[in-house]
Each structure stands twice: as C-alpha cells, then as structure tokens.
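So the structure is just underneath, and the comments pick up after that.
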2 protein chains.
Amino acid sequence: MSESPRRKIPEAALGRLPIYLRILVDLSHDKVTQVSSEQLAELAAVNAAKVRKDLSYLGTYGTRGVGYEVQFLTYQIQRELGLNQSWPVVIVGAGNLGQALANFTGISERGFHIVGVVDKDETKIGTVVGGVRVKHADELTQIVQAKHVSIGIIATPAQHAQEAADALVKAGIGSIMNFAPTVLSVPRDVNVRKVDLALELQILSYYEQCRNNGLRSVPTGNQSDSVSA
Amino acid sequence: MSESPRRKIPEAALGRLPIYLRILVDLSHDKVTQVSSEQLAELAAVNAAKVRKDLSYLGTYGTRGVGYEVQFLTYQIQRELGLNQSWPVVIVGAGNLGQALANFTGISERGFHIVGVVDKDETKIGTVVGGVRVKHADELTQIVQAKHVSIGIIATPAQHAQEAADALVKAGIGSIMNFAPTVLSVPRDVNVRKVDLALELQILSYYEQCRNNGLRSVPTGNQSDSVSA
DNA sequence: AGGAGTTCGTGAAAGAGTGAACAAACGAAT
DNA sequence: ATTCGTTTGTTCACTCTTTCACGAACTCCT
C-alpha cells in the first residue's frame, strides 16, 4: 500500500498540517465540501500563500478557480501524516499529568490510542486510568513489544525522565513525547518532541514584562505554538 | 526599577533561554559555579555557538578564557524573562487537564503561582485543586482584577475555548496559554501561545511513517519543542 | 613578564521560512 | 466559443535562524 510521501515536508509546514486537518474535519462536520486557501488561512490564522505552499508539499490537490475539496484534502493530509492507522501509544508515569493524558479524548479522536500506562509507584499500579490498568514499569518492554508500540509519552517527574527514556528506547520505541522539563539524551535515530509547560509560561512572562516596560512588542501575529528541533 | 531589556530578543533565542535557565539552576544546585558555552550546549543539546549568541542578546556576561558564572547568568536570564517576580496565573477549566496543571509543581517552582481556577460545571465548583478552591466562571473578571492577573491558561474542551478566551480578554488579561485544540481569535495585543498535544503526536506519527517507508528522515538533531507563531 | 592554552563575542555565509505577486488553469455566463 | 472573475501553484525577494570561523580577552604556568 501507500504511494510513499513524495518528498520530505519542511518542519514548519509539518507543524501546520495538523491544524489544517482539524479545521477540515470541523468543516466536513458542518457539511462544507469546498474550501479556498483564503478561508483556510482565515480559520488557521495564517497567511493564505502559506496555506497554499504548505499544501503543495502534499501534491497538487487544489483546483484553480475553485479551491480544495474538503473530504479529499482531509484524506490526503491524514495519509501524509500517517493517520490512516491508529497508533498505539504507551504512557510512562501515572501521576496527575499521566492520568490527564490517558483520559484526554483528543488523543483517541485523532489517530492514537493508549495501550498501556506504567508507573513505579506501587500504590498506582492496578488502578485504571483512561480505560487501561496501570502496570509496573518493569512490564514496559513487554507491553511495547506485544502491542507493537512505537510512540511513548513521558509524564514522569523530571528526575525520572531520563530513565523512562532509556527504558522506552531499550524497549524499541522510535518516538518520544516528553512532558518532563528535562533535555533527554537518546540515540540519534529516536525522535523526541518536548512540551514544557513552564517554558511556555516563561516566554509569556517575557512579553508581559516587555509590555509593562512600555516596550509593546508582542510577536507580530500572535498565536504561536511550541516548536521542536 | 529595572534596567529595561536592552533590545528585543529573537523568538528562537527566547525559546531556549528557559532551557538554559533550568540547566543553570540545576548546576547551581550541584555547587557548580562556572560553566562554558560548550558545557551548556552539551546539556541543552544544542550548538555551542548558538548558546553564545543567545546569551549575547542579554548582554556581555561571559568571561573569555573562563566561561559564565552560573549564579550571575541565572540572575540575568531570570531578570530578562521577568521572573524576578512570581506571576499570578488563573486557570479556566477544572477538568482533568486543569487539575493536573493546578497541581503541577513545576509551575509554582518556576516563577508562577495559581491564584484561581474557574469552571462552569457546578459539580466542580467548591472543590479544591492545587490549593485553591474552584470558583464559577462568572467570577473570572473579579479574580483577575483583584489579584492583578495578566496570564490566563485555557484548559477547557475545544468547544468552550473561544468563550474562555473572550472572557479572559474582557477581564483584562494580556497573555493566554491555550491547551485546547482550537485557533483562538483575540485582539492583536493579546499574546497567545498554544500547546496542542494531539498535534505533537501527529508530527511524531509522520516521522514514524517515514521511518517505516524506509525514508529514514528524523529531523537532523532531534529533540524539538513546540513553537508558537 | 611573557607565552600557551582557553573561551567568549561577533561578523559573515549558508540555510530555512515568509509573504507578495503573478501566470496558468478552472467555472460560469453570455 | 470567448470572455471574465476566481483561485491555485510557484517564483522571487526578504527576513529570520543557524553555523562557522576568528580576533579579542582572560588564566595559568614557567
């Protein structure tokens, strides 16, 4: 299967495809069948030329004078992002954050499903979060291999994040999403994305301070998202 | 007070300052007093020249042939980011995510404190999360103004995110951190950063798919973080 | 004091991302 | 069939970011 992705998509564009995708799904829900780059740009709060350029990395799926067919474009973006299948995901850490993630419906609605949650804390083991029973961290490798998991989420405290990463790597995982505020050290072929809540707040703090000092310098065109590189 | 920030710091550099800051705090904890750009780069998993250039936006705080004094640099970064003070933050939405955020110690340890959590769900009101009692959303403006809050966090479901944003803006908030998977529409002078968990996973999905198709194309130098713009 | 060995700060080049502008291609209307 | 208005796909100029490379400045050792 799969006409493989024609070329590699630039990081910046890649980060916007999921946004377009979500908007398209919403539009489809509203029975909209066609959409122009202009409309899509408006909904995504970006430039229309950017939308067209981003979409052109996927192929030539628009019709001049008309726009894009919502259903078709939705399918193409999904295919490109590998969202035809539902990816099994394992969560390491069953604390507040781990539980919230496991219960987060947005994950299961958008191409992923939680197949395991592990922790080292005996009091958490056996409890059920997000529909799965929490297991001991020692069982991580077994879960990963049995369920063919390639994406792992680290939701442990910072001081345990590296060992969680090591365990995930050893279990054979290829991609890690890290919520702990730590820089992980992993083999080169393992892909890591991090989300650092405090970091984002600190950036807001900077702009708030600028504002208070009279230097009105909100980054031109607000609505930033976190970037990984 | 405050020698105001000399110039505006580029977004890319700004996103790394909190990382350096965290590393410096850790080093300080380990009684390390001096650090070179090379070491800092290693710990942050970036290029040493980048570290030096990033830090040069703050001023000339290094000593050639020696490196940077940990304590001093820590202070300077904190000052630049506006982290001398502890910023009051309000959370809208007391669901799984809102609760996790309110309980997340990393927030309070790094320059912020939760002064309010609001929700519209009557069953949640009155419960205590993260040390504060959940209040009704109608009281948002009052909380914001009484506590001089300028940063708000949206942790509502997607369909209520825009009204949460509107309420925050009306209450007079200047910066919003949005966890709901929606593009918010806000006045130009309000700064928004978004964190979209599913979006990040979808990017990982893309790379996993590439890997499976034989196109080994992990973005050169892994460990990306989310970017907002 | 002077030389050897470090390490910073920065200029300049290379690379990536953005946005304006326009030709090509389409539908609709006459 | 032709014309007209629309919208895409892409080129080009510009900005932002990253990386290299090197002079300047500091410490330590002799």
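Throughout, protein chains are lettered first and strands after them, A, B, ... in sequence-line order, and every chain is numbered starting at 1.
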Any donor-acceptor pair under 3.5 Å from B/D30 side chain to B/V32 backbone: no
Distance, rounded to the nearest Å, where A/R16 contributes CZ and C/dG17 contributes P: 9 Å
Evaluate whether atom CD of A/E42 has more than 12 neighbouring non-hydrogen atoms of other residues, nucleotides or ligands under 6.0 angstrom away. no
Give a yes or no on whether the backbone of A/V66 and the side-chain of A/Q34 come within a donor-acceptor separation of less than 3.5 Å. no
Which nucleotide in C/dG19, C/dT18, C/dG9 has an atom nearest any side-chain atom of B/T60: C/dG9
Base, sugar-phosphate, or nothing: which does B/A49 touch, judged by heavy atoms less than 4.0 Å apart? base
Below 4.0 angstrom, which residues in residues 63-73 of chain B have at least one non-hydrogen atom near DNA chain D? B/T63, B/R64, B/G65, B/V66
Side-chain H-bond candidate by donor/acceptor type, B/E69 with B/T33, under 3.5 Å: no
Scan side-chain atoms only and decide if A/H113 and A/S108 contain a donor-acceptor pair under the 3.5 Å cut-off. no
Atom-to-atom span, NZ of A/K50 to P of C/dG17 - whole angstrom: 11 Å
Please tell me whether B/S205 and B/E208 have a donor and an acceptor in their side chains that are separated by less than 3.5 angstrom. no
More than 12 heavy atoms of other residues, nucleotides or ligands under 6.0 Å from CD of A/Q85: yes or no? yes
Mind calculating the distance between CD1 (A/I9) and C1' (C/dG17) to the nearest angstrom? 15 Å
Can you tell me the distance, in whole Å, between the NZ atom of B/K53 and the P atom of C/dG15? 16 Å
Which residues, if any, of residues 26-41 of chain B bring a heavy atom under 4.0 Å of DNA chain D? none
Quick one: does B/R193's side chain have a donor or acceptor within less than 3.5 Å of a partner on B/N178's backbone? no
Measuring to OP1 and OP2 of C/dT6, would you say a side-chain N or O of B/R52 lies under 4.0 angstrom away? no
Counting neighbours of CD on A/E38 that are heavy atoms of other residues, nucleotides or ligands and sit closer than 6.0 Å, is the number greater than 12? no
Contact span of DNA chain D against chain B, any nucleotide atom under 4.0 Å from a heavy atom, 5' to 3', runs D/dT17 to D/dT27
Under 3.5 Å, side chain of A/R22 to main-chain N/O of A/L17, donor-acceptor pair present? no
With distance as the sole test, does B/R211 use its side chain to make a donor-acceptor pair with the main-chain N or O of A/D189 at under 3.5 Å? yes
